[in-house]
Amino acid sequence: MTPHQQVVAASIALLMLAGVLELVRRRTLRIEYSWLWIIAILGLLALILSSNLLIGLTRVIGAVDSTSTVFMFAFVFLVCICIHFTVKISQLTNQVKKLTQQLAILEAEKTTLERGQVAGESATPTE
């Protein structure tokens, strides 16, 4: 990477880090998910600032340019995040289905009990 590319990429990574920390501070992003982003951003900064590491990884994966290596790792990270969120969405969907079923059962029991009380009141003789 040229020095100009390093400065731009490092600036973007630092802005992303500041954004993630601000989202955590505002309680918009949960801490459990912020660690994923913080580690990814720090890894990206390590690749950007350590040219030897970046060049070595570029040779290992067979990329032509070091910027391709950075983008490849960013792409792999985003795919992993998408898989993680898909698993979470699936778990939440199952949880919502289970809660909906439990709520329907409770409402049916409540209706049955209410009908039983109304029928019991009308069957009792009044004085």
Side-chain angles (χ1 to χ4, degrees):
M1 290 179 97
T2 66
H4 179 70
Q5 289 173 330
Q6 283 182 320
V7 168
V8 170
S11 299
I12 291 171
L14 290 173
L15 284 173
M16 288 173 47
L17 181 62
V20 167
L21 294 175
E22 180 62 20
L23 289 172
V24 170
R25 187 186 71 78
R26 291 183 183 184
R27 299 187 194 284
T28 305
L29 178 65
R30 292 178 55 135
I31 292 176
E32 68 183 270
Y33 299 120
S34 69
W35 290 111
L36 295 170
W37 290 105
I38 291 170
I39 290 169
I41 292 167
L42 293 177
L44 183 62
L45 278 171
L47 285 176
I48 291 167
L49 300 176
S50 174
S51 59
N52 291 336
L53 175 64
L54 185 56
I55 290 169
L57 284 173
T58 301
R59 287 185 187 141
V60 168
I61 65 170
V64 177
D65 192 21
S66 58
T67 53
S68 299
T69 304
V70 172
F71 283 114
M72 188 209 62
F73 278 106
F75 179 75
V76 168
F77 172 75
L78 290 176
V79 168
C80 290
I81 288 290
C82 286
I83 291 169
H84 173 75
F85 286 141
T86 302
V87 169
K88 286 289 186 183
I89 288 170
S90 297
Q91 290 172 347
L92 290 173
T93 301
N94 291 335
Q95 185 178 7
V96 166
K97 180 181 174 183
K98 183 178 178 182
L99 289 172
T100 304
Q101 291 170 345
Q102 289 174 345
L103 180 62
I105 290 169
L106 289 173
E107 286 179 351
E109 289 176 358
K110 177 185 170 203
T111 303
T112 303
L113 288 174
E114 287 174 347
R115 286 183 185 160
Q117 288 177 351
V118 169
E121 290 174 4
S122 63
T124 57
T126 56
E127 296 179 24

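Counting only distance, with no hydrogens or angles, the side chain of Thr86 and the backbone of Cys82 share a donor-acceptor pair below 3.5 Å. With Gln5 contributing its side chain and Thr2 its backbone, the two residues share a donor-acceptor pair below 3.5 Å.
Here the closest non-hydrogen pair linking Ala10 and Leu49 is CB-CD2, 4.3 Å. Across Val24 and Ser34, no two heavy atoms sit closer than the pair CG2-CB, 3.3 Å. A pairwise comparison of heavy atoms in Ser66 and Thr58 identifies CA-OG1, 3.5 Å as the closest pair.
Taking CZ of Phe85 as the reference point, atom OG of Ser90 lies at 13.0 Å (rounded to 0.5 Å). Within the model, atoms OG1 of Thr67 and CD of Gln6 stand 11.5 Å from one another, a figure rounded to the nearest 0.5 Å. Atom CG of Leu21 sits about 10.5 Å away from atom CZ of Arg25, to the nearest 0.5 Å. Here CG of Leu36 is found 12.0 Å from CZ of Arg30. Values are rounded to the nearest 0.5 Å. Interatomic distance, CD of Gln95 versus OG1 of Thr93, reported as 10.0 Å (0.5 Å rounding).
In this model, no donor atom of one side chain and acceptor atom of the other lie less than 3.5 Å apart for Asn52 and Ser50.
Residues Val7 and Leu14 do not share a hydrophobic cluster, defined by chaining ILVMFWY side chains whose heavy atoms lie under 4.5 Å apart. Met72 and Ile55 end up in different hydrophobic clusters when Ile, Leu, Val, Met, Phe, Trp and Tyr side chains are linked at under 4.5 Å. Hydrophobic clustering (ILVMFWY, side-chain heavy atoms < 4.5 Å, transitive): Leu42 and Leu23 are in one cluster. In the hydrophobic clustering of this structure, Val8 does not group with Leu15; members are Ile, Leu, Val, Met, Phe, Trp, Tyr whose side-chain heavy atoms approach within less than 4.5 Å, directly or through other members. Linking ILVMFWY side-chain heavy atoms closer than 4.5 Å, directly or via other members, places Leu78 and Val20 in a single hydrophobic cluster.
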Can you check side-chain contact (heavy atoms from CB on, under 4.5 Å) on Ile12 and Leu44, steps first, answer last?
CA-CA 10 Å; Ile12 291 171; Leu44 183 62; over 6 Å; no
Run the side-chain contact (heavy atoms from CB on, under 4.5 Å) test on Leu29 and Glu22 for me, step by step, so that the C-alpha distance in whole Å, both residues' side-chain angles and the decisive distance to 0.1 Å come before the verdict.
CA-CA 9 Å; Leu29 178 65; Glu22 180 62 20; over 6 Å; no
Would Ile81 and Trp37 count as a side-chain contact (heavy atoms from CB on, under 4.5 Å) if you check the C-alpha gap in whole Å, the side-chain angles of each, and the deciding distance to 0.1 Å?
CA-CA 9 Å; Ile81 288 290; Trp37 290 105; 4.2 Å; yes
Is there a side-chain contact (heavy atoms from CB on, under 4.5 Å) between Lys88 and Tyr33? Walk through the geometry before answering.
CA-CA 12 Å; Lys88 286 289 186 183; Tyr33 299 120; 3.4 Å; yes
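Within a 6.0 Å radius of CG in Leu99, other residues, nucleotides and ligands contribute more than 12 heavy atoms. Phe71 CZ: 12 or fewer foreign heavy atoms inside a 6.0 Å radius.
Listed by chain and number, the residues in a salt bridge (charged side-chain N to carboxylate O under 4.0 Å, His left out) with Lys110 are Glu114 (sequence neighbours excluded). For Arg27, the side-chain hydrogen bond (donor to acceptor under 3.5 Å, both in side chains) criterion is met by no residue, not counting sequence neighbours. Looking at residues two or more places apart in sequence or on another chain, you find a side-chain contact (heavy atoms from CB on, under 4.5 Å) between Leu47 and Leu53, Leu54, Leu57, Phe73.
Considering only heavy atoms from C-beta on, Ser68 comes within 4.5 Å of Asp65 through its side chain.
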